[in-house]
Amino acid sequence: MSTELPKAYNAADVEDKIYKLWEESGFFDPDKLPGDRKDIFSVALPPPNATGTLHLGHALEYSLQDAVVRYHRMRGEKTLWIPGTDHAAIATNTKVEKILIKEEGRNRHDIGREAFVKKVEDFVADSRGTMQKQIRQMGASLDWSREAFTMDAERNLAVRTAFKRMYDAGLIYRGYRVINWDPKGQTSVSDDEVQHRPEKGVLYTFRYSKDFPVEIATTRPETKVGDSAVAVHPDDKRYQKYIGKEYGVEFAGTRLKVKIVADPGVDPEFGTGAVGVTPMHSMTDWEIADRQNIPAEDRHQVINEYARMTEIAGPLVAGKKTKEARDIIVQWLKENDLLSKEEPTELNISVAERSGGVIEPLPKLQWFITVNKEFTIPRSSIKGIEGGSETTLKDVMRAAVQNGQIRIMPDRFEKIYFHWINNLRDWNISRQLWYGHRIPVWYRGKEIYCGIDAPKDSGWEQDPDTLDTWFSSALWTFSTLGWPDENSPDLQMYHPTTFMNPGYEILFFWVARMILMSGFLLGEIPFKTVYLHGILRDAQGRKFSKSLDNGVDPIDVIKQYGTDALRMSVVVGIGPGNDGNFDLNKVKAYKHFGNKLWNIARFVLMSVPEDSSGIMNSQLTPGDERSLAELGTVLASMTSHMDQYRFYLAAEEIYHYVWHTFADKIVEESKARLASEDPAAKASAQRMLLEILSTCLKLLHPFMPFITEELYSKLPISGKTMLLIEKWPV
RNA sequence: GGGCGGUUAGCUCAGUUGGUAGAGCGUCUCAUUGACGUUGAGAAGGUCAUAGGUUCGAAUCCUAUACCGCCCACCA
């Protein structure tokens with residue numbers, strides 16, 4: 001054999017070249033794949049946030065998806081994998097504003113909306129370029145001709161159309177109520193974007209004034225200047241005589257009208273069994289106030305958007321930060337001999353997940369998607385939901401998974417999903433951010449107009465708010481396929497998509513919302529299988545974090561060990577839904593494996609003639625027949641693993657076979673015969689080696705695409721194609 | 001408060017429907033001008049958290065307990 005391979009495999013020499021070859025072949029585009037492909041396999045890449053660069057989590061995600069995509073392409077399916085980027089409104093806003101403050105000492109308000117959005121767009125353009133390059137380095141076989149961005153013109157049209165249709169169906173409404181306000185990010189956030197952090201607090205027990213009949217308990221005395229009622233349990237004997245009575249009280253420099261009401265939501269065992277109701281600063285209290293018909297004029301906003309006390313809060317605390325106000329009020333209670341107890345307590349503080357700001361519940365006029373309201377679903381292929389029937393978005397989301405049309409892997413996340421739906425409240429979709437999809441609603445005096453485009457006549461002003469970034473992400477499986485053009489060939493061909501591979505941390509943010517949107521807008525499920533992956537931790541199992549400085553740049557790993565080694569290291573041994581540890585030693589081990597494979601191929605290539613047509617027809621010895629049969633069982637098992645999305649087992653199986661059966665046993669055993677004088681024995685060995693090597697390269701290709709493609713190109717077999725589109729053996 | 005996951009070799013973790021325990025790394029011994037030292041052969045090392053139960057048989061199923069971790073939550 002004349003082809004000279006270097007002694008060791010050097011990933012850097014081949015990866016860029018191979019990727020270019022693939023990309024130029026056009027085979028990432030399913031329309032350009034050869035042969036008659038009837039079965040469809042389509043995947044939408046979870047679009048990475050346009051906030052900068054890829055991290056190891058992306059490496060894990062893309063290794064899994066590329067393996068499954070390559071496998072199905074080799075199975076002869078019409079395989080589409082669509083790339084894209086998410087504008088990640090809140091994350092990008094935050095990041096760019098941070099840079100702005102650092103570099104220019106100005107915030108977004110200093111430079112104005114237009115200039116700020118321009119800055120964000122420039123930043124995003126930059127990030128997207130970097131990330132596209134990095135995704136290519138991962139070897140991801142994405143159809144770049146269909147690349148999408150959640151903020152481009154096509155996706156913007158999809159967003160406006162979706163909003164309009166939901167608005168017309170009565171599923172989107174504007175409402176004034178208590179929402180999660182992030183004083184740091186200066187925007188509202190949805191319930192899912194609020195995280196809880198345990199903190200030590202104090203439970204204060206006191207009464208508003210000397211002549212007020214009941215004591216209440218709270219951890220936030222500063223909000224009590226905004227109280228409108230005291231709620232007790234309807235069956236609580238202690239307070240029966242006060243229920244329905246109204247008191248005027250002088251409390252910490254304010255005058256309050258406090259009605260004592262009975263509400264079943266109150267726990268008689270907690271504190272004094274009586275709760276001060278602050279409608280404007282607690283969602284629960286707002287709901288109690290609604291149930292008790294507390295009129296709007298008796299609800300007082302005492303905290304503003306900057307987490308400072310308002311004028312209404314009274315002269316004692318007005319203008320103060322909430323924490324200062326708390327101290328002042330506690331002091332006032334003590335001075336007036338109203339405080340009866342101070343007990344240390346554990347409390348959960350609410351924090352905005354992006355900015356880290358402490359959430360301040362505030363009443364605001366916001367846009368919501370209602371999840372409990374009945375509507376007529378125009379059409380539906382979701383089992384259990386009849387087209388034309390009355391249903392709710394919650395029911396749609398539930399049905400899609402309950403009836404098995406969507407499978408969530410691992411199964412246990414289905415329970416978590418249902419639990420989330422059961423407790424779901426209306427989704428606050430408006431954000432007071434500048435970068436994002438502008439809400440397609442216009443106002444003129446008391447008139448309101450919702451439309452895909454601005455109203456033609458003059459005097460209208462568009463709603464200043466933008467949409468929650470997950471609103472556009474929720475459309476992703478079909479907004480990337482030409483929707484809202486229902487006749488789009490891509491949409492008809494590739495939707496519902498086959499496979500979806502997000503991290504479990506965005507099950508609610510994204511997976512559930514995709515099911516919601518696809519259900520309402522298309523009457524379809526967005527995908528058939530959701531394979532949730534876990535988080536990658538460091539070698540000791542710790543989370544990657546800036547403070548630990550244990551971050552690893554996947555591009556550095558690729559430079560040092562090669563992409564194939566990185567890919568194997570994040571796939572093998574990590575089951576669905578489980579966190580994995582990232583260990584450079586593991587990457588190194590798979591680099592060694594690549595080299596092993598390289599040298600197996602070198603040996604085989606040196607051992608067979610340049611023209612293999614003669615040996616490929618030679619008679620196999622019974623021993624060689626057995627070896628091929630044994631490979632057949634490995635193949636069958638691997639195929640089954642791949643079909644069931646058990647990549648972690650498939651990859652390990654072929655790894656083990658190549659090294660410890662093919663190299664250690666079969667190749668070793670063949671050496672004597674290759675050197676022998678018996679031409680039949682020699683030819684049989686040559687044929688067997690070449691066949692096994694060829695098959696192994698195919699089986700490994702989904703996991704280690706670069707080295708296998710390179711080696712496959714050297715094999716002296718006729719009729720072969722690029723390994724990328726070679727047939728998976730059967 | 002509710003729910004979920006984990007507990008397997010020194011370390012990090014696999015173990016698909018129950019059939020006498022596996023991988024990588026690490027350790028020890030030996031080999032080696034050989035396709036590959038990014039190597040090969042071999043070895044040591046586990047009562048599969050604990051206690052019960054089901055079964056001919058359990059790391060695997062059931063019930064408790066302990067310890068770690070995660071998610072959800074309108075006990076103010």
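All values reported here derive from a predicted model rather than from experimental measurement.
In this structure, A:Arg646 and A:Tyr655 both approach RNA chain B, and ranking their closest nucleotides by distance from the 5' end singles out A:Arg646. Both A:Lys415 and A:Glu652 lie close to RNA chain B; mapped to their nearest nucleotides by heavy-atom distance, the more 5′-ward contact belongs to A:Lys415.
Put simply, the side chain of A:Asn595 and the base of B:U38 share a donor and an acceptor less than 3.5 Å apart. Contact of A:Lys7 with B:A35 (side chain to base): no donor-acceptor pair of N or O atoms is detected under 3.5 Å.
Taking the ring axis of A:Trp427 as reference, the NZ or CZ atom of A:Arg513 stays within 45° of it and closer than 6.0 Å to the ring centre.
A:Glu505 places its CD atom 19 Å from the P atom of B:G69, with the value rounded to the nearest Å. In this structure, A:Leu649 places its CG atom 13 Å from C1' of B:C13, rounding to the nearest Å. One atom, CD1 of A:Ile408, and another, C1' of B:C4, lie 14 Å apart when rounded to the nearest Å. Rounded to whole Å, atom P of B:C36 lies 12 Å from atom CG of A:Leu5. In this structure, the CZ atom of A:Phe413 is 17 Å from the P atom of B:G3, given to the nearest Å.
Distances shorter than 4.0 Å separate none of the side-chain N or O atoms of A:Tyr590 from OP1 or OP2 on B:U38.
A:Glu343 is linked by a salt bridge (Lys or Arg N to Asp or Glu O under 4.0 Å) to nothing, counting only residues two or more places apart in sequence or in another chain. Under the rule for a salt bridge (Lys or Arg N to Asp or Glu O under 4.0 Å), the partners of A:Glu199 that lie at least two apart in sequence or sit in another chain are A:Arg197. For A:Arg646, there are no salt bridge (Lys or Arg N to Asp or Glu O under 4.0 Å) partners at least two apart in sequence or on another chain. The salt bridge (Lys or Arg N to Asp or Glu O under 4.0 Å) test applied to A:Glu653 returns no partner, not counting sequence neighbours.
Note: A:His660 and A:Tyr655 have perpendicular aromatic rings, judged against thresholds of 30 and 60 degrees for the angle between ring planes.
No hydrogens or angles considered: a donor-acceptor pair under 3.5 Å links the side chains of A:Asn422 and A:Arg398. Between the side chains of A:Ser188 and A:Asn428, at least one donor-acceptor pair of N or O atoms lies under 3.5 Å. Using modelled atom types, one finds no donor on one side chain facing an acceptor on the other under 3.5 Å when comparing A:His281 with A:Asp285.
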Protein-nucleic acid N or O pairs under 3.5 Å, nucleotides 39-41 of chain B:
unit_1 : atom_1 : unit_2   : atom_2 : d
B:U39  : O3'    : A:Lys596 : NZ     : 3.2
B:G40  : OP1    : A:Lys596 : NZ     : 3.3
B:G40  : OP1    : A:Trp659 : NE1    : 2.3

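For B:U27, the paired nucleotide is B:A43, the pair qualifying as Watson-Crick or G-U wobble because both relevant distances are below 3.5 Å. Partner assigned to B:U54 is none, using Watson-Crick or G-U wobble distances below 3.5 angstrom.
When the C1' atom is compared between B:C61 and B:G1, the two are found 30 Å apart, to the nearest whole Å.
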* Asked: If the sugar-phosphate is the primed atoms plus P, OP1 and OP2 and the base is the rest, what is the B/S/- string for nucleotides 70-76 of chain B, using protein heavy atoms under 4.0 Å?
  -> --SBBBB
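Within 4.0 Å of A:Ala589, counting heavy atoms only, lie sugar-phosphate atoms of the nucleic acid but no base atom. At the heavy-atom level, A:Val667 lies under 4.0 Å from base atoms of the strands shown.
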